[in-house]
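Values below: every heavy atom of this structure, side chains too, minus hydrogens, waters and symmetry copies. All residue numbers refer to positions in the sequence shown, counting from 1. Predicted model, so just to flag it, every value in this text is computed and none were measured.
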Amino acid sequence: MKIDLTDSTASKINKALVQGRRAIGTPAIGMVLTLVIVTDEENAYDALKAANEASREHPSRTLVVIRRVSRSPRDRTKSRLDAEVRLGAEAGTGETVVLRLYGEVVDHADSVVLPLLLPDAPVVVWWPVNSPLDPAKDPLGALAQRRVTDTYSAEVPVRELNARADAYAPGDTDLSWTRITPWRSMLAAALDQVVCDVSAVEVEGEEFNPSCELLAMWLADRLNVPVRRSQSSGPGLTAVRMETTCGPIVLDRADGSLATLSIDGQPDRAVALKRRETSELIAEELRRLDPDDTYASALRYGVDRLNTSSGEGPGETPAPAATAVEAAAEAPAKAPAKKAATKATASAPAKKAASK
C-alpha cells in the first residue's frame, strides 16, 4: 500500500501511517527500532532495498531522508516536504516513509524526523554515501544510538578513516568494518588451533578498499606486531599471511567466495568466505546497539602506523606508505591523491620482524 503526500507535515504523515495500518488490518505496531537512511535520489533505491531485506530480521520503521536541491534562489527560500508512505508488501515487514525535503527545511531534517520516531525504541542512522565528518554531532546523528557510515563510498578512503578516528564517538560504526567480520572470525579460529607467537603479518587486497586497512589495523592492534598492507587486483580482500614461530598461516581468497586456509603441518582446507550484500551488513549492524569497542580500538590504531618496522607505537619511523596517506589527505583532486597513495604504497619496503 502506498500513500503519496505533497506539501505535507509530520502530523499528516503520522495520520497516514495510522490510517494505512488500519486499512491493511494491522493496527498494532510490532517494530523494534527506527532506521533513518540519509541519502540522495541516486542511491535511495539501493539503500531502501537493502533496508527492506534487513527488516525481515529486524522489523523497523524506515525513514528515508532525501535532500532535494532547489534550482533557483526563489525556490531555496520556500520550504516543502513531500512524503511517500509505504506499508504492507511495499515496506517489507515494517513501515517505510520516504521524505523529500525542499528549500530551507533541508537544513532542519531533524525537526522533520523527530516526530516520526517510534516511541521508546532505539534509533539507527545510516549514511550510504556522503556521510558527515563527525556523525555524532550531526543533527540527525545526535538522535541515534548507532550511526552507520561506509568509508568505501568516500572519495579518499584513507583520509576518511583518519577523520573517523579523530571524530569517533561511542555508537559509531562502519560497513567497511562489518565486511571483515568473517575474516576476523576465521583468523581468530586459525590462531586458536596453534600454540605459537606471531611475528609479522601481511594483508593483501585491492586498492582503495578501506576494509583492508581496517583488518590490518585490527591485527596490528591485537597482536602488537608489524603489519604490511599490500595491493592486489581484488576482488576486495584477497589474502592474509601471518608469520609465526610454528610456520606460516595463510588465508587466501582469490575469487571472492571460496578461501583456502593453510596452516603449517596441517592439510589445507576450503572455507566459505563470500562477499556479502549490503542487506546482510545492515542486518548484522542492527543486531547490536551497544558501542563497538573493538572497532574503536582498531580505528584509533591509525593507518599511519601500518607498514612500519614495529607495531609498538607511534614513535617508530613510518615507511613511505604513511607519507602517501598525508599526501592523499592534502590533495585537492581525487585522481592525483589516489595516484600518490598507490605509488608510495607500492614502493614501501616491508621490513622483516624478528620472531618472538
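- With contacts defined as side-chain heavy-atom distances shorter than 4.5 Å, the pair S131/E160 qualifies.
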Open item on the list: Run the side chain to side chain contact (heavy atoms under 4.5 Å, CB included) test on R61 and L17 for me, step by step, so that the C-alpha distance in whole Å, both residues' side-chain angles and the decisive distance to 0.1 Å come before the verdict.
Closed with: CA-CA 10 Å; R61 173 177 289 179; L17 285 168; 3.7 Å; yes

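- Judged purely by atom type and a 3.5 angstrom limit, N14 uses its side chain to pair as donor or acceptor with the backbone of P115.
- With E95 as reference, R21 is the one residue of K2, R21, R86 to meet the salt bridge (Lys or Arg N to Asp or Glu O under 4.0 Å) rule.
- No more than 12 heavy atoms of other residues, nucleotides or ligands sit less than 6.0 Å from atom NZ of K137.
- In L114, the CG atom is crowded: over 12 heavy atoms of neighbouring residues, nucleotides or ligands sit closer than 6.0 Å.
- For R241, the CZ atom sits in a packed shell: over 12 heavy atoms of surrounding residues, nucleotides or ligands are nearer than 6.0 Å.
- R300 contributes no side-chain N or O that, together with a main-chain N or O of Y295, makes up a donor-acceptor pair within less than 3.5 Å.
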TODO: Would you check, one step at a time, whether the test side chain to side chain contact (heavy atoms under 4.5 Å, CB included) holds for V227 with Y301?
DONE: CA-CA 12 Å; V227 178; Y301 181 87; over 6 Å; no

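- When all heavy atoms of R229 and G205 are compared, the closest pair comes out as NH1-O, 3.1 Å.
- Under a 3.5 Å cut-off, the side chain of R56 and the backbone N or O of P59 do not form any donor-acceptor pair.
- If you chain together hydrophobic residues whose side chains sit under 4.5 Å apart, L281 and W177 never meet in one group.
- For the side chain to side chain contact (heavy atoms under 4.5 Å, CB included) with W126, the lone residue among L175, V38, T149 that qualifies is L175.
- K12 and D7 get closest at one heavy-atom pair: NZ-O, 4.4 Å.
- Ion pairing between a basic and an acidic side chain is recognised when a charged N comes within 4.0 Å of a carboxylate O; R179 and D150 show such pairing.
- Nearest approach of I3 to G20, heavy atoms of both residues: CD1-CA, 4.3 Å.
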TODO: Let me see the working for L99 and V112 under side chain to side chain contact (heavy atoms under 4.5 Å, CB included), right down to the final yes or no.
DONE: CA-CA 9 Å; L99 304 167; V112 177; 4.1 Å; yes

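- Put simply, M217 and L191 are part of the same group of oily side chains (I, L, V, M, F, W, Y) that touch within less than 4.5 Å, one to the next.
- Listed for the S153 side chain is a donor-acceptor partner under 3.5 Å among the backbone atoms of P128.
- Checked by atom type and distance alone, the side chain of S60 never pairs as donor or acceptor with a backbone atom of L33 at under 3.5 Å.
- Note on D82 versus R80: salt bridge recorded, some NZ/NE/NH1/NH2 to OD/OE distance being below 4.0 Å.
- No donor-acceptor distance shorter than 3.5 angstrom exists from the side chain of H58 to the backbone of V32, with no hydrogens or angles considered.
- Environment of CD in Q193: crowded, with over 12 heavy atoms of neighbouring residues, nucleotides or ligands closer than 6.0 Å.
- With hydrophobic clusters built from ILVMFWY side chains whose heavy atoms lie under 4.5 angstrom apart, V64 does not share a cluster with L140.
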Open item on the list: As a quick check of understanding, evaluate side chain to side chain contact (heavy atoms under 4.5 Å, CB included) for L299 and L161, giving each step before the final call.
Closed with: CA-CA 7 Å; L299 187 65; L161 285 174; 4.1 Å; yes

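- Distance alone, capped at 3.5 Å, is enough to place a donor-acceptor pair between the T181 side chain and the T178 backbone.
- Clustering ILVMFWY residues whenever any of their side-chain heavy atoms sit less than 4.5 angstrom apart, transitively, puts L215 in the very cluster that holds Y168.
- In terms of hydrophobic clustering, with Ile, Leu, Val, Met, Phe, Trp and Tyr side chains grouped at heavy-atom distances under 4.5 Å, L214 and W218 are assigned to a common cluster.
- Here the rule is salt bridge (Lys or Arg N to Asp or Glu O under 4.0 Å) with R147, and of D134, D172, D174, D138 only D172 fits it.
- Annotation: Y152, atom OH; neighbour count of heavy atoms from other residues, nucleotides and ligands within 6.0 Å does not exceed 12.
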